[in-house]
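Note that this is a predicted model, so its numbers are computed, not measured.
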Amino acid sequence: MKTNDHAMAAGHSVDPALWQAGFEGLMGRIAGRFARMEARSRAGRLVLGLLSDLPRKNCWTNAEWAGEATPHGMQHLLCRASWDADAVRDDVRNYVVEQLHDERQSSSSTRPAT
């Protein structure tokens with residue numbers, strides 16, 4: 001499956017082009033947290049697999065869904081590859097806050113009561 005096909009799976013309520021751009025933006029933000037290009041690429045496929053409609057999500061099903069013959073690459077990413085999970089978590093959290101932040105809500109909640 002191509003990445004664009006995955007974006008289409010996001011649903012009818014989401015603009016696929018916007019979803020794809022957001023996903024690529026997030027993956028670009030965390031790319032530097034992975035020591036090797038293979039790990040960066042596999043991380044993207046792993047996330048897409050986790051967001052997919054697979055009935056069971058594990059290294060076997062994600063690897064098959066991503067077109068890999070065995071789960072070894074996914075297992076390596078999760079267990080032995082060099083990347084900073086805490087930094088990725090922080091990057092994702094910051095990205096979500098930026099994307100979901102409502103400036104109108106923030107400014108009204110910081111105003112003193114009259």
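Residue Arg89 places its CZ atom among more than 12 non-hydrogen atoms of other residues, nucleotides or ligands, all under 6.0 Å distant.
Leu77 and Trp60 fall into different hydrophobic clusters, where Ile, Leu, Val, Met, Phe, Trp and Tyr are joined by side-chain heavy atoms under 4.5 Å apart, directly or via other members. Residues Leu100 and Phe23 share a single hydrophobic cluster, defined by chaining ILVMFWY side chains whose heavy atoms lie under 4.5 Å apart. By the rule that hydrophobic residues join a cluster once side-chain heavy atoms approach within less than 4.5 Å of another member, Val96 and Val14 end up as members of one cluster.
Judged purely by atom type and a 3.5 angstrom limit, Tyr95 uses its side chain to pair as donor or acceptor with the backbone of Gly22. Looking at Arg40, its side chain does come within 3.5 Å of a backbone N or O of Phe34 through a donor-acceptor pair.
Contact record, Ala63 with Pro71: CB-CA, 3.7 Å, taken as the closest heavy-atom pair. Nearest heavy-atom pair, Met74 versus Asn62, reported as atom, atom and distance to 0.1 Å: CE-O, 4.0 Å. Here the shortest heavy-atom pairing between Ala43 and Met27 reads C-CE, 3.9 Å.
For the atom pair Leu26 CG and Gln99 CD, the distance stands at 9.0 Å (nearest 0.5 Å). In this structure, Ile30 CD1 and Asn94 CG are separated by 12.5 Å, a value rounded to the nearest 0.5 Å. Taking CZ from Arg80 and NE2 from His72, the interatomic distance works out to 9.5 Å, rounded to the nearest 0.5 Å.
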Exercise for the section: Could you check Arg29 against Glu24 for salt bridge (Lys or Arg N to Asp or Glu O under 4.0 Å), going step by step and ending with a plain yes or no? Expected result: CA-CA 8 Å; Arg29 180 176 289 204; Glu24 289 173 3; over 6 Å; no
Practice task
Might you work through the side chain to side chain contact (heavy atoms under 4.5 Å, CB included) test for Arg93 and Asp90, ending with a clear yes or no?
Solution key: CA-CA 5 Å; Arg93 181 187 59 227; Asp90 293 345; 3.3 Å; yes
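Side-chain contact between Asn58 and Arg56 is present, with at least one heavy-atom pair separated by less than 4.5 Å.
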Only pairs under 3.5 Å count here: list side-chain donor-acceptor contacts from residues 44-54, not counting sequence neighbours, and write none if there are none.
unit_1	atom_1	unit_2	atom_2	d
Arg45	NE	Glu68	OE2	3.3
Arg45	NH1	Ser41	OG	2.7
Arg45	NH2	Glu68	OE2	2.8
Ser52	OG	Gly49	O	2.6
Ser52	OG	Leu54	N	3.2

